[in-house]
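Worksheet for the structure shown next.
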Protein chains: 2
Amino acid sequence: MHEIRLTGALDPRGGWAAAACPIGRTLEVVGTRSAMLLLREAFYGTTRFDDFAERVGISQPVAAARLRELVDEGLLEREPYQEPGQRARMQYRLTDKGADLFPALVALMQWGQRWLGPSGVELRHRDCGQPVRAELRCADGHPVPVDEVDLATAG
Amino acid sequence: MHEIRLTGALDPRGGWAAAACPIGRTLEVVGTRSAMLLLREAFYGTTRFDDFAERVGISQPVAAARLRELVDEGLLEREPYQEPGQRARMQYRLTDKGADLFPALVALMQWGQRWLGPSGVELRHRDCGQPVRAELRCADGHPVPVDEVDLATAG
DNA sequence: CAGGATCCCTAAGGATACTG
DNA sequence: CAGTATCCTTAGGGATCCTG
């Protein structure tokens, strides 16, 4: 049993899900492969246009289009910067909104490691050196397995 | 500062990321909008073909193609079942591999709630009634903010 | 109910060439 | 370096009709 449980009068069956579901709306913003991978690169510290395109492995036109969308959506900010003695350049940096997607990327990463084979890299907590994992907890701090989750009306 | 830190000899800049990155490989499997939403429906307890297509809001041909891919990849299993007095039907159920994507979906859902506006539903822990969240913790149980994460070679 | 077949449209993305 | 412009291919997805 891997399903979550639906409670009360709530009934996503019938259609609210398609339009209002926050997963669907999120995927409207970052639902493409290139968008996700560009964000990954941003977490890796990449800031420059050419590096984004090369490291993600996408063409420059695609990188330009996707980066502009991410900037328009407020996940990245584009700003000029200038090192002394150099000419001005552009850099892309994660906003708070963009950085808040990190748990989702970590969750995807750890699923890939577990089910598609190890990749030779891992995330660690700087303070203690232990691996970092994305996990579900309730506000009381209890770990929550899938089958203990209810989907309920908010408020 | 929202970047993670790269340690040691590791240097994803230059190309390992594109091919070996577990995020990229994961997105090869569930990187389409329809795949993600079908999995969401599976977590909601949907099991039948027509319901998947209707609730996700995709056409039947697309639902058929995507479901078959998810079955082929081992995230769903397709099996006939029969209620007494009824004719045989097909159902799709999450495997352990599929169910293990739940933290990723929760992370996407909570990002949508926070940055794109509330949706009127939320996930709660059945035992205590508290909201459920996807968060990053190290193996010692410490919550880990983005800027305390290192990307290191595994092992 | 659970699809398959067919046709069509659009969006994602690559290749190449060019510019401030 | 940081793109834009142009052209092209492919994949995602919708609509309609049909079948066991």
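In the text below, chain A, chain B and the rest are named by the order of the sequence lines, each starting its count at 1. The analysis underlying the following values was restricted to heavy atoms, covering all of them including side chains, and did not include hydrogens, waters or symmetry mates.
OP1 and OP2 of D:dG12 both lie 4.0 Å or more from every side-chain N or O belonging to A:Arg33. Residue A:Ser34 places no side-chain N or O under 4.0 Å from the OP1 or OP2 atom of C:dA12. OP1 or OP2 of D:dG3 has not a single side-chain nitrogen or oxygen of A:Arg68 nearer than 4.0 Å. Contact annotation: A:Arg48 reaches the phosphate of D:dC1 (side-chain N/O to OP1 or OP2, under 4.0 Å). Using a 4.0 Å cut-off, no side-chain N or O of A:Arg78 falls inside it from OP1 or OP2 of D:dA2.
A straight line from CZ of A:Phe52 to P of D:dG3 spans 11 Å, rounded to a whole angstrom. Atom CE of A:Met90 is separated from atom P of D:dT4 by 11 Å (rounded to the nearest Å). Protein atom CD of A:Glu28 is 11 Å distant from nucleotide atom P of D:dG13, rounded to whole Å. Atom P of nucleotide C:dG3 and atom CG of B:Leu76 are separated by 12 Å, given to the nearest angstrom. D:dC7 atom P lies 19 Å from atom CD of A:Gln60, rounded to whole Å. Between A:Leu67 atom CG and D:dT4 atom P the separation is 10 Å, expressed in whole Å.
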(Q) Could you write out DNA chain C as dot-bracket? Rules: Watson-Crick or G-U wobble, both distances under 3.5 Å, brackets [ ] for crossings, | for pairs with another strand, dot for unpaired. (A) ||||||||||||||||||||

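By the criterion of side-chain heavy atoms lying less than 4.5 angstrom apart, applied directly or through intervening Ile, Leu, Val, Met, Phe, Trp or Tyr residues, A:Leu116 is grouped together with B:Leu70 in one hydrophobic cluster. Hydrophobic clustering (side-chain heavy atoms under 4.5 Å, transitive across Ile, Leu, Val, Met, Phe, Trp, Tyr) groups B:Val71 together with B:Met36.
When each of C:dA15, C:dC1, D:dG13 is scored by its nearest atom to the side-chain atoms of B:Arg89, the top-ranked nucleotide is C:dC1. Here C:dC1 is the nucleotide among D:dA15, D:dG12, C:dC1 with the atom lying nearest to any side-chain atom of B:Asp50. For B:Ser59, taking side-chain heavy atoms from C-beta onward, the closest of the listed nucleotides D:dA15, C:dG14, C:dA2 is D:dA15.
Nearest-nucleotide mapping onto DNA chain D: of B:Thr32 and A:Gln91, the residue sitting toward the 5' end is A:Gln91.
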Cut-off 3.5 Å, no hydrogens considered: what does the side-chain donor-acceptor table look like for residues 62-69 of chain A, sequence neighbours left out?
from    : atom 1 : to      : atom 2 : distance (Å)
A:Arg66 : NE     : A:Ser34 : OG     : 3.3
A:Arg66 : NH1    : A:Glu69 : OE1    : 3.2

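By the 4.5 Å heavy-atom criterion applied to side chains, B:His125 and A:Leu136 are not counted as neighbours. Residues A:Phe43 and B:Val149 have side chains not in contact (no heavy-atom distance under 4.5 Å, counting atoms from C-beta outward).
Across all strands, B:Tyr92 comes closer than 4.0 Å only to sugar-phosphate atoms, never to a base (heavy-atom distances).
The structure places SG of A:Cys21 at 8.0 Å from CD of B:Glu41, a figure rounded to the nearest 0.5 Å.
Checked for salt-bridge contact, B:Arg124 and A:Asp150 miss the test: no charged N lies under 4.0 Å from a carboxylate O.
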